[in-house]
Amino acid sequence: AYFKELNMYKEQIHLKTKAEAENKEFEPNHTTYFDPTEYVADDELSTLLKQKVTLMEHEHKLKSRELYEKIDSLTEQIKAKAFFLNAKDELITHVKEKAAEERRTSDLDPRRMRTESRENT
């Protein structure tokens, strides 16, 4: 597990360097495979490592909460856009129907029919 975690960190350094070169944001992965508290006998070091793990868990929870809040915000934005687009579609349909009705009505207008019959003769 220790070497797997070292390789993961090495890969993250590579990805961070690549992201910086491309002016992209890099979000590190804080996954832990190796639990050093299982291998350390010194109580002081064990306490420090447990505090670090607790801190990482807290940071993960905060980041997770931020992401869920962002998802909720984006979901609300999508719902608002969908409502707006639906209202727009309904308005367009209404305007088209009204225009078609006006065309039908004007086609049946006797004054227009007389003017067209005079023009045709």
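Side chains included, hydrogens not; waters and symmetry mates left out as well; all remaining heavy atoms used.
- Residue His14 is tested with Lys16, Gln12, Glu11 for a side chain to side chain contact (heavy atoms under 4.5 Å, CB included); the sole match is Glu11.
- The OG1 atom of Thr75 lies 12.0 Å from the OH atom of Tyr68; values are rounded to the nearest 0.5 Å.
- Annotation: the span from Leu74 atom CG to Leu67 atom CG amounts to 10.5 Å, rounded to 0.5 Å.
- To the nearest 0.5 Å, atoms CD1 (Ile78) and CG (Leu85) are separated by 11.5 Å.
- Between the Thr54 side chain and the Lys50 main chain, a donor and an acceptor come within less than 3.5 Å of each other.
- Atom CG of Leu48 is separated from atom NZ of Lys52 by 11.5 Å, given to the nearest 0.5 angstrom.
- In this structure, NZ on Lys18 lies 7.5 Å from NZ on Lys24, to the nearest 0.5 angstrom.
- A 4.5 Å side-chain heavy-atom check between Val53 and Met56 finds every atom pair outside the cut-off.
- Thr105 places a side-chain N or O within donor-acceptor distance of the main-chain N or O of Glu101, the cut-off being under 3.5 Å.
- In this structure, Lys63 NZ and Arg65 CZ are separated by 13.0 Å, a value rounded to the nearest 0.5 Å.
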